[in-house]
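Read through the structure below, which is laid out as structure tokens, and then see the notes.
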Amino acid sequence: MNEETTQKLGIVVSGSLTQGVEVRLDGSASVEDMAVGRYVTIEGQKRRFFGMITDVSLGFTDQRLSLTPPDTSDPLMAEVLAGTSIYGTLHVLPMLTIGTDASLEGPQPVKTVPSHYSTVNAASQQDVELVFGEEDERKFYIGTPLDMETKICLNLEELVKRSNGIFGKSGTGKTFLTRLLLIGMLQKSTAVNLVFDMHNEYGWEGTSEGHRKVKALKQLFPSSVAVFTLDEESSRRRKVQTDFVVRIGYDEIEPEDIALLRQTLNLTEASVQAVYQLARAFGNKKWIEKTLELEDGEETAELLNRLNIHEATFGNLRRGLETIRRLPFLVPKSPDNTVSRILEYLDRGINVVLEFGRYTDVTAYILVANLLTRRIYARYRDRTEQAMGEDTPTPHPLVITIEEAHKFLNPEVSSQTIFGTIAREMRKYNVTLLVIDQRPGGIDTEVMSQLGTKLTCLLDSEKDIDSVLAGVSGKNELKSVLAKLESKQQALIFGHAVPMPIVVRTREYGSAESYKSFGLVSQADVKKKAEKDIEELWGQ
Amino acid sequence: MDRIGEVIEASTTELAAQCYELYGVPPLGSLVKTADSSLELYGIVCNAVTTSLEPGRRPIARGKDEPSEEAIYRSNPQLTKLLRSEFNALMVGHRKDGKLYHYLPPAPARIHSFVYLCPPEEVKEFSQSFGFLNILVNAHLDISTDELIAAALRQMSRAHQERHAFLVTAGKELATLLSGRFDQLKSVLGRLKE
Ligand SMILES: Nc1ncnc2c1ncn2[C@@H]1O[C@H](COP(=O)(O)OP(=O)(O)OP(=O)(O)O)[C@@H](O)[C@H]1O
Ligand SMILES: [Mg+2]
């Protein structure tokens with residue numbers, strides 16, 4: 001097999017395909033060296049299986065051993081009992097078969113279980129490499145398994161074909177993981193990114209623990225990243241090189257945008273209805289301005305009466321709209337069309353990060369992200385449809401990153417928002433989402449089920465764990481793995497972009513070496529280089 | 001090889017031997033062997049007695065006026081002729097055509113076969129495999145099987161350099177045989193200390 005000395009852990013004693021197999025540990029292997037999330041290989045008679053430890057437990061052959069524990073300070077007693085009368089068991093979920101001659105046959109999903117008493121070994125580096133592949137022009141190194149140095153790679157070309165999610169409670173490493181993934185997409189896929197950057201951590205620089213600064217995308221890949229900002233002053237103070245200052249005009253806000261803000265603006269259902277009526281009365285472009293201009297008096301009262309809007313409802317709506325009006329990046333009329341500018345960059349293969357500066361409250365975030373996405377999506381849809389009909393080039397696949405995803409995708413609103421639409425339709429128009437959330441339980445289950453690949457850091461609420469793992473085979477087993485992740489920089493990854501669920505220690509990010517390890521080439525540079533090579537080949 | 005006695009009674013599972021020397025019995029649990037033309041038979045000493053030569057006649061106390069116990073024997077030299085020592089061995093294996101088997105021999109020992117105490121090398125060879133433990137565990141004896149198993153393992157362990165390792169391996173074997181009977185396992189392991 002291989003030259004490395006494989007560590008024998010034990011033998012298979014029972015199990016099933018759906019539930020996984022029980023492995024009885026040898027006396028020489030200590031339960032305390034086992035950990036959920038580790039990989040093992042099982043040497044079946046006909047094939048090798050590759051699996052993950054999902055539980056570790058203690059067993060007895062005699063119930064009395066638990067009632068009157070033996071004196072294990074006696075070394076003979078302790079040694080004799082270990083592995084015989086008292087023993088450790090592993091619960092292993094076989095995930096793949098890796099063939100007896102691995103070079104002939106790639107990993108295949110399991111369709112059976114290894115036979116009784118098959119030997120179980122700790123997986124070797126080679127085994128892991130065989131399953132997860134090596135870094136190449138499509139595969140991006142995202143982390144290492146828990147007890148090895150082998151690189152685990154994600155197939156990013158595959159990943160961006162669907163919407164994906166990054167989850168984990170606060171401080172577990174979602175932002176770091178997202179940054180890595182964005183770099184991965186920038187380097188290894190043909191997709192471009194649009195990031196709604198609520199806390200200003202993806203464009204120019206972010207912070208790590210202890211207020212250490214870490215570089216973000218534009219510092220590392222200046223020619224493939226543009227930073228747009230909603231808060232010029234904040235960006236300038238942070239010495240960010242921005243490419244464009246975003247202003248949103250009242251005329252760009254549509255009734256749906258307000259509907260999405262119902263909760264954050266404390267609007268009643270009736271107020272939301274009123275919005276649609278006012279928009280019909282004043283026109284989609286003018287309604288906010290006109291509504292805010294309404295003065296108390298006869299005329300207004302008459303209008304409201306005509307539109308069948310109650311006075312209290314109007315008061316409620318007014319207060320909500322005032323909150324919006326106070327957002328400093330809003331202007332009565334948008335001076336430059338932000339959407340076109342963003343598309344211009346995206347078309348050139350340049351990734352766009354929109355910083356929110358000091359406007360970190362959710363109202364601003366939801367409003368802007370929804371409004372811009374809706375319109376960018378519409379343009380993508382038109383162009384994709386056109387491309388299908390007329391043989392024009394399709395736009396670059398677009399990945400839109402949003403945080404606090406449950407605000408856009410909770411069951412109440414997900415059917416109405418553009419994000420719900422995008423999540424559901426799986427790249428029909430070349431647009432997918434990367435959703436980041438610390439409370440995935442708040443996201444519509446239908447949307448969750450559409451996510452292709454999920455990367456989840458530690459979660460501890462039952463509801464969140466259930467929602468992330470819904471519909472995954474081996475759910476109960478993965479549950480215990482997920483709940484036992486370390487509180488930082490570890491993630492469970494499963495779905496389309498990986499052959500089987502894996503737990504990784506996320507690749508280190510933030511040190512000089514870590515930046516160097518990216519090689520600092522982007523897909524755009526590669527293309528440029530290729531074009532240049534072609535030019536040189538043919539001469540001028 | 002140490003010739004210690006002669007078979008005086010034999011069955012498939014057990015033999016009884018009389019010692020050549022009064023009190024010359026091998027220790028409890030030691031490995032003994034006897035042979036006929038084609039077979040060597042191994043047994044583990046499981047019992048020993050010293051009795052009067054004539055059945056039914058019990059010795060009488062003689063030491064009232066003697067200064068020491070040895071003096072009793074000195075003043076009554078006939079005693080060593082009137083008393084005899086015997087031991088029983090449980091059959092645990094045999095050797096045929098040079099090969100060791102850790103299960104019962106096809107035929108019992110013959111009367112008057114000589115009985116030898118096995119030297120350490122032979123004990124070591126015999127105890128490479130623990131098939132015999134099963135016979136001990138299932139034996140019906142006057143003494144407790146726990147006692148016998150422990151005695152046998154103690155004896156055998158002396159022939160091994162890595163005494164502890166030997167006992168651990170034997171212990172694990174026993175733990176499997178006695179699975180579900182932890183009290184018995186504990187009682188045996190507790191008797192292995194010396
Ligand atoms: N891959 C990594 N390399 C280096 N440090 C990391 C990595 N992942 C996480 N960390 C450490 O963990 C800390 C928290 O990570 P991060 O800011 O990504 O958490 P988060 O899940 O985004 O939290 P929040 O929900 O509060 O935004 C970081 O400040 C950093 O110190
Ligand atoms: Mg974060």
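Worth knowing before you read on, the calculation uses all heavy atoms, side chains too, and leaves out hydrogens, waters and symmetry mates. Chain letters run A, B, ... following the sequence lines, proteins first and then strands; every chain starts at 1.
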Do [X] and [Y] have side chains that get closer than 4.5 Å, going by heavy atoms?
X: B/Lys193; Y: A/Asp74; answer: yes
X: B/Lys172; Y: A/Glu79; answer: no
X: B/Phe182; Y: A/Thr61; answer: no

ask   = Where does B/Leu185 contact chain A at under 4.5 Å (heavy atoms): side chain, backbone, both or neither?
value = side chain

Report, as yes or no, whether the 6.0 Å neighbourhood of atom [atom1] on [X] holds more than 12 heavy atoms from other residues, nucleotides or ligands.
X: B/Lys96; atom1: NZ; result: no
X: B/Gln78; atom1: CD; result: yes
X: A/Glu508; atom1: CD; result: yes
X: A/Glu486; atom1: CD; result: no
X: B/Glu21; atom1: CD; result: no
X: A/Tyr117; atom1: OH; result: no

message = Has A/Arg64 got a side-chain atom pairing as donor or acceptor with B/Gly180's backbone, closer than 3.5 angstrom?
response = yes

task = Identify the two heavy atoms, one from A/Thr84 and one from B/Ala175, that lie closest to each other, and give their separation to 0.1 Å.
result = OG1-CB, 3.3 Å

ask   = Of the non-hydrogen atoms in B/Leu192 and A/Leu76, which two are nearest, and what is the gap between them?
value = CD1-CD2, 3.8 Å

task = Tell me, for A/Asp71 versus chain B, whether the close heavy atoms (under 4.5 Å) come from the side chain, the backbone, both or neither.
result = neither

